[in-house]
Each structure stands twice: as C-alpha cells, then as structure tokens.
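Worksheet for the structure shown next.
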Amino acid sequence: SIGFDGIYVSTPMPEEPFFRIFPEFPRLLFSAFVEGNVMQVLVFAVVVGFAILSVGEKAEPALRIIESFNEICMAVVKFVVRFTPLGACFLIMPITANNRFGAITGLLSYVVTYYATIIAFVVIVYFGLIKFVAKGSPIRFFKAALPAVMTGFATSSSTATLPVSVQVADDMGIRKEISSIVLPIGSTMNMDGGAIMLLMSTIFFCNICGIQLSVGQIITLCVANIFLSVGTPAIPNGGIATFTALVAMAGLPAGVMSLFVNTMAVTNYVNTAVNILGDLTGCAFFNQLEDNKEARAAEEAAQAVRVRIAG
C-alpha cells in the first residue's frame, strides 16, 4: 500500500516476468494441486521427472515412492471404474427424458465423426508408414496384425493384449530386441486412439454447452491431452480419469461425464484396437530402419572389398 496524507491506496504486486512468459509454471508447490490447475500439475510432473533422471541412482528412493503412490491411485481408479456404468445409467436417464431423442442424435453424430477420423488416421499415418517407410503392403500388414487387434478390441486393455502382440511381431519377422522394447513401452504410452477421442469429446461438449474456445485454449488442450494420454492407465475405461482433467481445464460442467461414459461404451474398444495397431506399426517402422542400416553397412563393406581388389 502507498500512503499520501493519510490516504492509502492498495496496489497489486507486479507479476514476475518469468510467470508472465510461462503462465503454466506453478508459483507454489501445492497451489496447482489445490486449485485443480491440470496444466501446471503436468508441468510440475515433467520438471520432477527430468530432475529424477538427472540425479540418477540417488533419486531411486523417491522414484519408488512415486511408483507406489501411482499404484495406489490406479487401484482407486479401478475401483471407481467398476461403478461407473451404474452411475452413468442414472445420470443419462434425466437427460434422455428431458431432451428425448435430441441428445441421442447429437451423440450419434459424434460417434460417426469419431469413427471417420480414426479410419482416416489409420490409413494416412499407420498405413502410410508401412507403405512408404517400412516398404510393405498395408493390407498384408493389417492381416498379420489382426489377431492382436481383435484381442485388443475384445479386452479393451493394451496390457492384456501384450502377449498376443509379441507373438504377432515374431510372426511378422520383427527383431526380438525391437519388439521387446517397443511393445511394452507402446502398451503404456502409445494412446493414439484415446488421444483422438478425448480431444474430440472435449471440443464436442464445449460446442454443446456453448463454450467458445480460443485458438490458444485449443492448443493448450492439445498439449495437455498429449501428456494426459501418455499417462492414461492401460485398463478398460481408463480414459475416464483423463477426461475428467480435460473437463476441468475446458470449464465444462460435471454433467457431461455421464454422456462421455456412454459414448465410451462404443468407442473404447476401437481405441484399444488402434493403439495395438500403432504399437505394431512402430515395430515395423524401427525394424525397417534397422534393415536399412544393415543394408548400408553391407554395401559399404562390399564397396571397400571392391576398392581393395581394384587396388
């Protein structure tokens, strides 16, 4: 406060330049958790993760504590998810009764749009990598990957499908050292189908609720969606917890969760199947890179032999 002849005027403290440039960086350690600022929590998690990597072995006790806490949180999520269908049923009843078939028609258009987007993504990205990078036939690749894809569709769990994916990769002739790394990492981090669904759902419900998102907000949601999708638990309906964070970021009412849960009943299976297909695509991609590396090495060796013979 600044005083002039007994009159005091309250002036706000100027904002630090650092926080003006990086508004998503948490000012206080627990303020982001208390206020529910998901983006600041993600930034804090990334910073702590890099710090743990830089410290090395000395950070292992802290890492074990974090992993234990993560397992506890996953146990709570699994317990809550078991009761989600029942809760969604009671939440959707009044919405359907009040809006009759209007809400169902809107959700149907969203599901159709989602399927069209997924098909376009698979054809352009996955099949494009197989065709132009892995130098293979997309149709032949899809037929070979079908057992793992169908298992993922049936179980809605990338982790449960992992043994089948490993067997399929072996049948494709993919190197064991590649599949043993790419597939386990992909089962926990590659959530392409879920990422598409979560972002589409957020924008869809914002349009329904009349919330106008700026370009900056959409970019922020995209970045947060990438990090949140990587952290999505590889269990059936694991995206519910992730979508809750996006709902808070977008300022959506909690009631949209009931609609989202009902759409997951027809999209979650496809999400897992797409994720599995993406894991196998990554295996084929890295396997081809390794083939190219060996081919170049063999060509260089043959060229060296020819030079020695000519000399």
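For clarity, every value in this text was computed on a predicted model and none was experimentally measured.
Interatomic distance, CG of L221 versus CD1 of I226, reported as 11.5 Å (0.5 Å rounding). Note: L183 CG to T161 OG1 = 11.0 Å, rounded to the nearest 0.5 Å. With rounding to the nearest 0.5 angstrom, the CD1 atom of I196 is 9.5 Å from the CG atom of N225.
Using the six-membered ring where Trp is involved, F142 and F127 have ring planes that are perpendicular, over 60° apart on the 30 and 60° scheme. Classified by interplanar angle (parallel below 30°, tilted 30° to 60°, perpendicular above 60°), the ring pair F121/Y126 is perpendicular.
By the neighbour-count criterion of 12 heavy atoms within 6.0 Å, atom CD1 of I139 is sparsely surrounded, having that number or fewer from other residues, nucleotides or ligands. The environment of CD in Q212 is sparse: at most 12 heavy-atom neighbours from other residues, nucleotides or ligands sit within 6.0 Å.
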Exercise for the section: For I208 and V256, run side chain to side chain contact (heavy atoms under 4.5 Å, CB included): C-alpha distance rounded to whole Å, both residues' side-chain angles, the deciding distance at 0.1 Å, then the answer. Expected result: CA-CA 10 Å; I208 288 181; V256 302; over 6 Å; no

Problem - Audit row: K293, L289, side chain to side chain contact (heavy atoms under 4.5 Å, CB included) steps and yes/no - result: CA-CA 6 Å; K293 181 180 177 181; L289 292 182; over 6 Å; no

Exercise for the section: Just do the side chain to side chain contact (heavy atoms under 4.5 Å, CB included) check on M197 and Y110 with the steps written out, would you? Expected result: CA-CA 10 Å; M197 179 197 65; Y110 156 75; 3.5 Å; yes

Exercise for the section: Show your working on side chain to side chain contact (heavy atoms under 4.5 Å, CB included) between D291 and Q288 and close with a plain yes or no. Expected result: CA-CA 5 Å; D291 287 344; Q288 183 61 41; 4.1 Å; yes

Identify all side-chain donor-acceptor contacts of residues 272-282 below 3.5 Å with residues at least two apart in sequence or on another chain.
from	atom 1	to	atom 2	distance (Å)
T272	OG1	N268	O	3.3
N275	OD1	D192	N	3.1
N275	OD1	G193	N	2.9
N275	ND2	N271	O	3.2
D279	OD1	N190	ND2	2.8
T281	OG1	L277	O	2.7

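In terms of heavy-atom proximity, A148 sits nearest to S165 at CB-OG, 3.8 Å. Of all heavy-atom pairs spanning A284 and I130, the tightest one is CB-CD1, 3.7 Å. Heavy atoms only, all atoms of each residue included: C283 and S179 are closest at SG-CA, 4.0 Å. Summarising the geometry of P253 relative to V247, their closest heavy-atom pair is O-CG1, 4.1 Å, with the distance given to 0.1 Å.
In this structure the side chain of K131 never reaches within 4.5 angstrom of the side chain of F141, judged on heavy atoms. Contact annotation: the side chain of V166 approaches that of K176 to within less than 4.5 Å [non-hydrogen atoms, C-beta and beyond].
The only option from R306, E299, E300 that meets the side-chain hydrogen bond (donor to acceptor under 3.5 Å, both in side chains) definition with Q303 turns out to be R306.
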